[in-house]
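Read the structure below first, then the notes.
The chains referred to below are lettered A, B, ... by the order of the sequence lines, with proteins before strands, and numbering in each begins at 1.
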Amino acid sequence: MPHQCTTCGRTFPDGSKEMLSGCPDCGGNKFQFKPAGETSDGQPSPVGEKPSDTDRQSPDADRQSPDADRQSPDADRQPAPIDDGAPDEGDASAADTRDPDSRRPDPKSSGNQTPDARNADSEHVRDRSEEDVAQASARSDVVSPDELDRASRDVEGDSSSTGSGPDASDDPEGPRPDIDDLRDELNEQFESIRIVSPGKYELNLMELYDRQEYIISLQEDGRYVIEMPDAWGISDE
Amino acid sequence: MWYRALPHRTECLGENTGLEVRMGLLTNLKDSISRVTDGLFAADEPKRIGIYGPPNAGKTTLANRIARDWTGDAVGPESHIPHETRRARRKENVEIERNGRKVTIDIVDTPGVTTKVDYKEFLDHDMDKDDAVRRSREATEGVAEAMHWLREDVDGVIYVLDSTTDPFTQVNTMLIGIIESQDLPALILANKTDLPGSDVQQIANAFPQHETIPLSALEGENMDEVYTKIAEYFG
């Protein structure tokens with residue numbers, strides 16, 4: 001399968017919209033992409049397809065398969081062009097150049113999927129223009145290359161600061177940012193009264209004064225009740 | 001008891017509903033005429049005077065003092081705990097007679113206006129957390145209501161300040177600014193002159209464009225001058 005959740009290993013067909021709002025099983029939001037021709041490689045415990053990969057560690061093997069399919073992204077990254085005739089060597093050097101960054105979370109994480117997934121994802125997203133338009137648009141709804149790079153850096157930062165693997169840190173922290181994000185979003189919409197925390201409020205007096213509608217009831221979850229201005233009712237009649 | 005709708009305004013809008021909606025120009029004309037006639041009739045109607053100010057300035061104490069002096073009734077409970085008044089309360093048809101002249105006003109006692117409400121400030125007043133959080137939420141709703149009244153429903157403002165505290169605050173500056181921008185007649189009262197730290201001059205300096213009247217609403221000191229000024233400003 002072309003897409004695989006890096007947290008639980010569930011796979012999704014290419015173009016699947018099921019994963020657009022996160023993995024239905026574990027809620028994970030990081031996926032690695034495997035082209036259709038390499039579906040056998042998209043398992044949680046990857047095994048290198050190519051003979052030259054078998055003597056490598058699985059992280060490198062995982063990263064290597066997309067590299068073998070597409071040379072141009074690697075060529076962009078590497079200072080010297082790679083000889084087409086020696087893809088394994090080229091990939092090995094590419095892996096070496098990436099290793100200092102990408103391997104940092106490796107020893108800490110129990111699995112070896114996540115760092116590879118980051119590399120694989122970024123490489124494949126850059127390659128989007130070569131793929132089917134529908135598939136590309138399906139992915140573009142979720143993440144852009146810039147966002148992916150940023151997310152990768154965040155994961156690295158989190159894992160290095162918390163000392164736990166990226167996969168482990170994603171799950172417990174997952175729900176909390178969602179709630180905070182929701183509160184922030186509500187607060188942005190609700191400019192006149194900011195709910196700092198239950199029982200703590202900040203009021204924008206000018207906004208309250210300028211509002212035509214009248215806020216008559218607040219609730220801690222960010223909901224509120226307003227009284228519609230008389231004029232609105234009249235104009236509807 | 002407090003009101004959210006204005007009887008005369010509701011009637012005015014009710015008339016407009018009888019007009020044909022598609023005749024937009026005529027509707028606008030009728031609106032203008034209604035406003036003018038409304039204004040003429042309003043001369044006989046009581047002026048709605050909002051008592052505004054930060055929390056714990058003595059607004060309800062003043063409202064009760066005025067209401068008791070002229071009607072015998074009170075407006076609402078007073079308390080040393082901030083945000084005791086969390087809903088605007090109106091006392092209608094308060095007739096004040098001064099120098100042979102009668103002025104009838106509706107007093108609107110509004111919740112104290114502030115930019116921050118924190119339940120923790122109530123915990124010091126023998127209140128458990130749940131009650132403090134609820135009071136905080138109601139106080140916030142009260143500020144929203146006070147601002148709404150200021151926008152829609154008052155014809156003049158009595159701005160009450162605690163003369164023992166610094167008047168140079170964001171809230172005071174903003175509210176006075178709004179009142180001035182609305183061209184509302186405003187009377188600034190420097191309350192709590194019975195307290196040792198009272199500094200009326202500081203308030204006068206903060207708002208030199210307005211007349212500042214010292215008083216102690218609690219003790220009833222200088223209320224004669226307050227009533228004279230009310231008749232002068234809002235009559």
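In this structure, CE on A:M206 lies 13.5 Å from OG1 on B:T115, to the nearest 0.5 angstrom. Taken from CG in A:D210 to CE in B:M147, the straight-line distance is 8.5 Å, to the nearest 0.5 Å. Interatomic distance, CZ of A:R194 versus OG1 of B:T140, reported as 13.5 Å (0.5 Å rounding). Distance check, rounded to the nearest 0.5 Å: CG of A:L208 to CD of B:E145 gives 12.0 Å.
Within 6.0 Å of the CG atom in B:D128, the count of heavy atoms belonging to other residues, nucleotides or ligands exceeds 12. No more than 12 heavy atoms of other residues, nucleotides or ligands sit less than 6.0 Å from atom CD of B:Q170.
No hydrogens or angles considered: a donor-acceptor pair under 3.5 Å links the side chains of A:Y209 and B:Q182.
In terms of heavy-atom proximity, A:I193 sits nearest to B:A144 at CD1-CB, 4.5 Å. The heavy-atom pair separating B:S136 from A:G199 by the smallest distance is OG-O, 2.5 Å.
Of the candidates B:V143, B:L150, B:I178, B:V143 is the only one forming a side-chain contact (heavy atoms from CB on, under 4.5 Å) with A:L205.
Looking at B:V117 and A:K200, their side chains never come closer than 4.5 Å, going by heavy atoms from C-beta outward.
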